[in-house]
Amino acid sequence: MTSFITKTSLKTWLGTLLKDNTLVAPAAAAGLTFFRPVEKIEDIAFDFTNTALSPKSWFFPQTETLSGEIAGNGHKTLNPEALEKNAVLFGIRPCDARGLAVTDKVFLITPGDTSYIERRQRTTLVGVACLEERAECFCTRMGSSPNSPADVDILLTEDGDGYLVQVMTKKGQTLSAGAGQQQSDKAVPPIVPTKPPARLPLKSAGPSPDMDYWDQSIADRCIHCNICAFVCPTCYCFDTFDIEKEGKVERLRSWYTCQSPNFERIEGYMADAPKGVRMRHRFYHKLPLFPEQLGSGYAACTGCGRCVVSCPVNIDIREIMDDVEKFRASVGEEKAPQA
Amino acid sequence: MINTVTILPAAKNDLRSFVEKTSGQKLLRCYQCGKCTAGCPTAYLWDLTPRQVMRAVQLGLKEELMRTHSYWLCVFCQTCSARCPQEIDIAAVMDSLRHLAILEKRAPAEKEVALFHRHFLRLVHRFGKVWEVGLGGLYNLTSGHPLANTSLLPAMFARGKLPLLPHTTHNMEEIRNIFKRAEELERKSAGPETGRKA
Amino acid sequence: MAVSYAYYPGCTLKTSAREFDESTLKVCKAAGIELTELADWNCCGASSAHSVSPLLGLSLPARDLQTAEALGKPVAVACAMCFHRLKHASHALGDAAKLKQVNQVLGKEFRNTVKVEHLLTILGSNGSSYQVTKKLEGLKAASYYGCVLVRPKEVMELDDEDNPQLMDRIVASLGAETVEWDFKTECCGASLPLSKPEVVVNLSHKILRQARQRGAECVVVACPMCHSNLDIRQKAMKAAYPGFQEMPVYYFTQLMGLAMGFSAAEMHIDKHLTDGLSLLKSKGFI
Amino acid sequence: MDDKITLAVREKAKELLEQKVVDCFIGYEKATDNLTSRPLFVYKPEQAERLVFDNTCVHNLSKYLLNKKDTKTAVVAKPCDARAIVVLLNENQVQREKIYIIGIVCPGVVDSRWGSAGTEPEVRCQGCPQHTPPLYDFLIGEPTDEVEQDAYTDVTAMEEMGDADREAFWKEQFQRCIRCYACRNVCPGCYCPVCFVDLKEPLWAGIRVAPGENWMWNNIRAFHLLGRCIDCNGCQRVCPVNIPLMLLNRKLKKEVAQAFAFIPGMDPKALAPLATFKKEELAEPSK
Amino acid sequence: MPRVGVFLCHCGTNIAGVVDIPTVAEAVKQFPGVVYVDDNKFSCSEPGQAAIRQSIIDNGLDRVVISACSPRMHEITFRKAVSAAGLNPYLMEIANIREHCSWVHSDNKEAATEKAIELVKMAVAKVSLHQELFRKRISMEKKALVIGGGIAGIQAALDIANAGHQVILVEREPTIGGRMAQLDKTFPTLDCSACILSPKMVDVSQHPNIRLLTYSEVEKVQGFVGNFEVEIRQRARYVNHTTCTGCGICWQKCPEKVPGEFEEGTGQRTSVYIPFPQAVPSKPVIDTVSCRYFKYLDFIDKKMEGKKPPPCRICEKLCPPQAIDWEQKDEIIRETVGAIVVATGFKTFDHSVYGEYGGGRIPDVITSLQLERLMNASGPTLGEVVRPSDGTHPKTVVFLSCVGSRDEAKGRPYCSKICCMYMAKQALMLKEHDPGVQSYIFYIDIRAGGKDFEEFTRRAQEEFGVLYLRGRVSKIYQDDKKLMVCGEDSLIGRPVEIAADMVVLATGVEPSEGAAKVAQTLNISYDTYGFMVEAHPKLRPVETNTDGILVAGACVGPRDIPDSVAHGGAAAAKVIGLLSQDTLTTEPLTAAIDASRCTGCLLCSQICPFQAIDMVPANGKSIAVVNEGLCKGCGLCVAACRSTAPSLKGYTDAQILSEVLALCP
Amino acid sequence: MSVEEFQPRIIGFLCNWCSYAGADMAGTSRMTYPSNVRIIRLPCSGRVNPMIIFKAFQQGADGVMVSGCHPGDCHYVDGNYYARRRLAMLEPFLEYLGIEKGRFQLEWVSASEGKKWSQVVARFTDTVKSLGPRGKI
């Protein structure tokens with residue numbers, strides 16, 4: 001059963017939500033769009049393709065301070081900062097919502113990351129489906145789709161002067177209770193079919209016969225700018241830094257990336273690894289390793305295309321998948337099924 | 001004439017500031033060694049020697065200096081400038097002084113020299129080129145030396161060296177505009193500081 | 001390969017120094033240097049404009065340079081005074097502010113990219129190839145450069161300020177003997193002939209006197225002003241300095257022409273006020 | 001696309017690789033969007049056919065030389081890229097004899113990002129003072145000697161703002177910074193083995209993405225490029241959150257040019273402006 | 001966690017009268033790391049120091065802050081006190097609450113107290129980061145090197161040698177003696193130059209502590225004070241000086257004659273030669289450029305065409321002890337010395353750039369040094385002053401001062417200092433040689449500052465009739481046999497001309513050929529003209545910025561004989577002082593460079609004022625390394641480095657930052 | 001006028017040989033001046049790393065002053081010349097970032113200029129006071 005909400009009613013609804021919730025929505029700045037807590041409905045950018053950065057940072061901030069105290073016995077306790085209000089994340093695209101499904105796999109595993117759990121549980125996702133696929137988009141290739149409602153609480157699909165509404169979860173139901181949507185006889189557009197799943201590279205670890213490819217075609221070109229990791233909705237690596245001062249403890253947690261040269265030093269296992277190995281690691285981890293390790297059934301790439309657009313030297317994950325495919329064929333492995 | 005020189009405060013030394021501005025030379029560099037005078041081909045005629053002219057500018061003795069013959073007699077051979085140990089373009093200073101005298105419409109101590117320059121430019125203004133017969137004629141008519149250099153004329157004419165008619169540049173409008181705009185611009189940039197004190 | 005220049009003769013080369021103009025044109029042609037007279041040129045302003053108005057002193061030559069720039073050819077100058085003014089202008093206009101001012105005066109855009117060269121450089125060192133057919137052997141000549149041709153050195157970029165060699169090398173290449181003397185670049189009185197003829201006589205006399213003392217039979221020049229002062233004032237010198245001996249004064253292009261096979265008449269040696277023919281005859285060159 | 005340049009680059013690459021003058025040739029090829037360009041490393045003469053050069057070749061390839069110190073490498077360099085190489089030579093980071101510079105007389109590049117080739121010239125090219133590389137082994141195009149005056153209109157506009165407005169402006173810009181360090185990592189002048197911002201002791205700028213830390217990071221980065229930034233716009237172009245970093249770099253460039261008449265990247269023999277001084281300069285201390 | 005003890009000094013009422021010490025003490029107790037606070041009437045007094053020592057021991061303190069007067073006053077005192085308690089002296093920091101607080105804020109006691117608290121807080125923060133530092137000992141090689149065998153170098157070498165130290169004296173020419181040996185008489189006493197110099201030259205050659213290396217040059221210098229490693233090239237002389245007896249047959253018989261350098265071109269020497277009869281060593285060298293045999297060898301080697309030169313070898317045939325050795329090669333001598341004296345002297349300005357004075361083309365325009373040779377009884381004319389052009393005796397002689405001095409256009413804006421005096425001397429001597437001579441001196445200013453100098457120039461004018469004309473000459477030209485000198489007499493303000501028989505150019509003083517190269521070899525600074533730069537022009541006139549390298553004589557700037565001798569002696573005194581120590585200790589507050597952070601960009605080595613940073617290869621790049629013997633601890637390298645590779649002990653970034661953070665938490 | 005007058009927080013980086021000694025001299029001569037400046041002693045003004053000055057401003061210093069030997073008098077020969085260049089670049093840059101002109105100052109004070117030091121501090125303190133408090137970034 002579907003329902004329909006006009007654009008005006010949507011704004012009114014969002015206005016009411018603003019009273020009791022923190023409303024996180026796309027807003028324009030410096031020619032780009034970013035998710036940030038908005039104060040007025042007018043600040044929301046309804047007409048956007050996708051944000052420059054994924055909404056990941058709402059749940060897993062770029063840096064966060066976990067503060068605590070040193071108890072008498074010298075033990076340290078850390079307490080996450082509780083959210084003041086419940087939150088609504090409006091405008092998340094299906095690909096980014098899939099990104100949250102990825103980070104969930106990491107942060108929700110018992111015992112769970114208290115800070116993430118707090119934010120995740122208290123935030124309702126109101127997604128907006130994409131009507132068009134941009135040149136850099138490839139969600140359909142990664143098992144998602146521009147109008148997949150799978151990973152959100154509510155999905156809105158633009159239709160004329162309003163939106164078709166799909167309420168997917170209980171949380172969504174609760175939130176949309178006062179939304180003022182009408183019953184609609186319009187059918188929800190069918191989910192855009194996914195293409196055959198991306199073939200994953202050869203082997204997840206160890207020396208590989210394709211090293212020349214990584215060294216010369218990819219590693220040579222990569223400048224370690226780290227942008228791919230910072231714009232990625234799924235990258236979840238972080239670094240921590242502790243400060244103790246007069247009986248108080250502060251733990252700073254900040255995003256980090258496997259492409260930073262310092263990462264090798266800290267994480268150890270990749271210390272002094274040649275650049276090609278490090279590059280290969282990034283893609284191996286995203287594609288075969290993540291589903292392998294966490295049994296997710298989907299890769300740690302959602303096809304949002306941000307890294308494709310942002311990479312200053314055009315390291316294009318789709319091209320890499322194709323190249324590896326060709327390489328497999330050339331070494332005699334079976335061809336991938338045609339689309 | 002014997003009198004005491006009143007030394008002006010540096011800030012009031014309009015003469016020096018004008019000369020420094022228009023010639024681009026730093027007058028205080030001059031340490032009065034006299035090499036300029038020593039090498040000057042016409043210095044033996046100057047009432048203040050080139051070195052003394054430089055000194056007069058340093059001291060700002062404008063009225064006294066403006067009255068002299070000295071700077072009118074500079075032939076711009078650049079010997080002084082080339083040999084000055086302090087790298088002052090002394091010839092350019094002389095140029096500046098002439099320029100100042102003309103801007104302030106002073107009666108030149110060497111009226112023949114000034115006259116020559118005036119006629120020369122008048123001809124260039126009129127024809128775009130110099131016409132020697134015209135120059136000589138004008139000069140003799142106005143200088144009070146009607147027979148100056150006339151002894152040379154027969155031989156010169158005989159050898160076809162002095163055409164009676166001037167050569168001209170065709171685009172005379174352009175030439176006149178150059179004269180006009182140069183004068184306008186120069187008056188503007190010279191500013192009030194060169195105005196002759198009443 | 002023929003070298004091509006925009007030729008700037010200057011006012012006097014068309015009048016009192018015609019022999020310089022004509023010898024230059026003939027010699028250059030024979031030496032494979034193409035001179036095209038600069039269209040509708042004007043006086044460079046020497047020696048008056050800069051004395052009276054610095055801006056005018058820059059603008060007049062700038063107009064000529066602009067014409068050459070538009071033509072895309074370097075400028076060849078014969079007259080030393082004109083050369084001085086043109087070089088000076090192109091040096092001074094290296095200053096962007098001045099260039100802007102001058103462009104305002106000109107009313108068109110001059111970019112100051114044109115190269116100015118004196119004929120001495122063009123004939124003497126820029127790989128020109130003139131054929132000496134008649135060596136002027138036994139002729140002792142003093143090369144006289146005059147003052148402004150070389151000064152200031154960093155602007156003229158021609159030769160040493162006190163002991164230049166460019167003309168001496170040309171004269172020597174013709175088979176003549178050059179004397180070493182101390183007056184190569186002393187001033188002859190330059191622009192004073194009309195207003196102060198007695199000064200010119202005094203200075204020019206000193207020059208000729210030393211040339212004679214150092215063993216020269218003639219003086220070679222590259223400037224119409226120098227030539228006129230040294231040549232036409234010799235009668236006056238005789239009157240003022242008893243014992244003064246006359247001495248012919250040639251343009252270097254005239255001697256070049258003779259050595260290259262032109263006749264004395266073609267080189268207009270008869271146009272000088274001080275007899276230049278007898279010496280050449282006595283040496284058997286004509 | 002200027003086919004002439006492309007063909008010249010290909011031909012030269014082939015020649016250099018065939019004759020073993022170099023072992024690696026760094027140039028550009030078409031990116032996966034078929035509109036823009038990306039760096040290409042060529043090791044074999046037959047791969048040279050992939051090379052292109054057009055006005056979307058925005059990337060400064062000089063930084064790659066730091067990874068190729070032991071390999072004889074040829075690199076395609078626009079004037080700004082060549083200036084970066086000069087700076088690297090000034091700073092003893094690359095050996096002249098190990099690099100071969102293919103200079104391009106550059107008419108400017110366009111503001112392009114993957115997916116759109118763009119038509120507007122890039123910021124750096126508007127009023128670019130130099131179209132012929134200051135240093136090259138082989139030049140493609142007709143050289144022009146002229147180096148024009150930089151007008152610094154962008155910087156002047158900033159200077160004309162009030163102090164409070166400027167402070168607010170930078171606060172707004174820096175608060176977007178996500179400290180990805182792409183600006184640093186793309187910059188040919190940033191090659192420190194350990195960047196000051198990664199130091200824990202002393203802690204110049206903590207890892208916290210917060211106003212103070214962001215302020216420290218961006219300003220010190222700019223200051224470290226004083227007398228070294230060659231205006232390639234790399235940092236600003238890659239910034240995923242559009243911080244106008246060149247406004248910082250160019251302010252210092254302007255100050256250095258005005259105070260010391262020094263433009264970085266012009267002379268491989270030059271001493272850095274902070275590595276020298278004149279006794280008679282800046283006579284009065286700041287007032 | 002460090003254990004910091006804070007000692008608050010009252011300084012009588014100097015501090016306590018303004019700053020409320022109990023309040024400060026109370027506040028200081030709260031600072032992190034502070035475990036002990038005490039106050040004292042006079043911390044610097046013996047009881048005060050004893051209290052500090054005792055408290056360190058009793059409380060197990062490992063860091064100390066003394067809040068008292070300026071560290072410039074008592075830093076050393078308190079370092080000793082701390083050290084006496086067994087603590088490393090560098091684990092102490094002083095908070096200056098007297099000069100910087102109580103004495104200047106007596107008008108506001110509250111503010112002064114607050115400031116005192118913060119000053120102590122800064123010191124506590126900083127001292128917590130202090131590390132133990134240790135002085136190093138450097139051994140001292142008790143030997144000195146003197147570069148240059150002119151009068152300054154000779155004086156320095158003799159003084160050092162007489163004090164009992166070994167000296168190596170290196171001279172580039174085949175003999176020592178320098179410029180002074182070329183002179184006839186010295187001003188203003190008119191002593192015979194050779195008479196006073198020769199004995200000193202002989203002393204040098206016979207001194208048991210001096211190793212004289214003539215015809216040699218210093219090629220390489222490494223290391224630092226106490227331990228300079230020096231390489232000296234002894235050029236091949238082709239005469240075995242061990243067997244040569246200096247009998248003189250070879251140079252009397254050598255058929256090849258060339259203009260003699262020593263004679264400034266006024267006379268000739270042979271190819272095998274000693275520069276002058278009193279040369280030390282008085283043994284000859286063969287000049288390979290003019291020697292006929294070498295020319296012959298060269299002709300054969302290069303397979304040149306034309307007439308074969310004769311393979312002369314007359315010297316070899318005639319030499320009684322068979323000392324001629326055609327096979328001799330340059331020899332490299334390596335030495336270690338503790339200190340170096342640079343005394344490379346001067347040469348006179350080359351006047352060929354003065355075209356207006358003939359640029360060297362007019363034979364009777366000579367230089368003052370040439371006149372000196374002509375006047376010298378042992379010179380080429382045996383003391384007769386004659387015109388080079390025709391050998392006649394000049395009667396009218398004009399001197400031009402400031403040729404290559406006070407001339408910005410010729411790149412020599414400085415005054416050469418000695419010319420005014422030697423012109424007066426020469427004009428006076430000319431009159432003594434020939435009473436018929438009239439001398440004229442064109443001058444700009446007569447600079448006769450010195451003992452008996454002014455009297456001397458007056459004497460030249462009043463008694464010897466030398467006519468001084470104030471003005472600079474612009475032109476000299478030949479007029480028959482005369483030289484016309486055109487100048488201005490600026491006192492009367494008219495151009496003047498003098499018809500002279502001879503013109504003497506008082507050419508100025510400039511550094512010797514290659515002085516800049518010596519400075520580069522030694523890594524000491526030299527100015528734009530090539531003169532060596534002293535460490536301080538007033539207070540350290542013989543030292544350079546490099547410890548252990550001294551400068552003496554005219555290589556530092558124009559200077560006359562007595563000044564050069566005094567300067568040489570002063571340099572020697574500094575060397576003797578250094579060599580009298582067995583070891584040197586270094587200050588530990590030096591820079592150190594973290595190789596893992598160094599990019600090898602050269603910036604630090606370019607700006608180090610003491611050339612204390614060497615670039616050494618490491619891992620395929622070059623890395624900066626601090627030479628602690630040379631480092632003076634200024635910290636320029638630290639501030640210059642972007643990658644924060646250098647740090648300055650005692651003033652690390654972390655320490656300075658801790659002070660900032662203590663103030664602005 | 002409020003009772004609680006704004007007391008700016010000013011950091012002075014002084015070279016040991018001239019300016020620190022000059023400040024000592026002011027003390028020995030008992031010249032009074034405002035107490036707001038806190039001095040950090042360094043061997044040479046050339047030791048001042050602009051990063052430290054950035055840090056001071058970031059931490060909320062209201063004014064920062066660097067003082068060293070007069071040009072030509074550096075104990076380390078040329079240190080202050082390098083400092084002068086570096087800080088001459090820093091000053092307009094700070095202003096560009098919105099830190100008002102007058103909050104950063106470079107001064108030359110010799111060991112004998114106690115008087116000058118007290119005047120410099122008084123003037124600088126006045127200027128910074130008039131600019132008001134800044135706060136941490």
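Order of the sequence lines sets the chain letters (A, B, ...), proteins ahead of strands, with each chain counted from 1.
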E:Ser622, part contacting chain D, at a heavy-atom distance under 4.5 Å
side chain

What part of D:Arg228 gets within 4.5 angstrom of chain E, counting heavy atoms only: side chain, backbone, both, or neither?
side chain

For the backbone of E:Thr599 and the side chain of D:Gln93, can you confirm whether one donor and one acceptor N or O come within less than 3.5 Å of each other?
yes

Would the number of heavy atoms belonging to other residues, nucleotides or ligands and lying under 6.0 Å from NZ of E:Lys517 be above 12?
no

In terms of heavy-atom pairs under 4.5 Å with chain D, the winner among E:Ile607, E:Leu657, E:Leu603 is E:Leu657

Correct closest heavy-atom pair for E:Cys598 and D:Pro193 would be O-CG, 4.0 Å

Could you have a look at E:Asp653, E:Leu129, E:Thr644, E:Leu661 and say which one has the most heavy-atom pairs with chain D under 4.5 angstrom?
E:Asp653

Identify which of E:Met615, E:Gln606, E:Arg597, E:Lys621 forms the greatest number of heavy-atom pairs closer than 4.5 Å to chain D.
E:Arg597

Check whether E:Cys604 gets within reach of chain D through its side chain, its backbone, both or neither, counting any heavy atom under 4.5 Å.
neither

Check the surroundings of atom CD in D:Glu159: do more than 12 heavy atoms from other residues, nucleotides or ligands lie under 6.0 Å from it?
yes

Are there more than 12 heavy atoms of other residues, nucleotides or ligands under 6.0 Å from atom NZ of D:Lys171?
no

Return yes if some donor-acceptor pair links the side-chain N/O of D:Asn92 with the main-chain N/O of E:Cys601 below 3.5 Å, else return no.
no

Between E:Leu602 and D:Glu91, is a side chain to side chain contact (heavy atoms under 4.5 Å, CB included) present by the stated rule, with each step listed?
CA-CA 6 Å; E:Leu602 308 176; D:Glu91 296 174 359; over 6 Å; no

Measure D:Leu199 against the heavy atoms of chain E and call it side chain, backbone, both or neither at under 4.5 Å.
side chain

Segment of D:Ile220 engaging chain E (4.5 angstrom heavy-atom cut-off):
neither

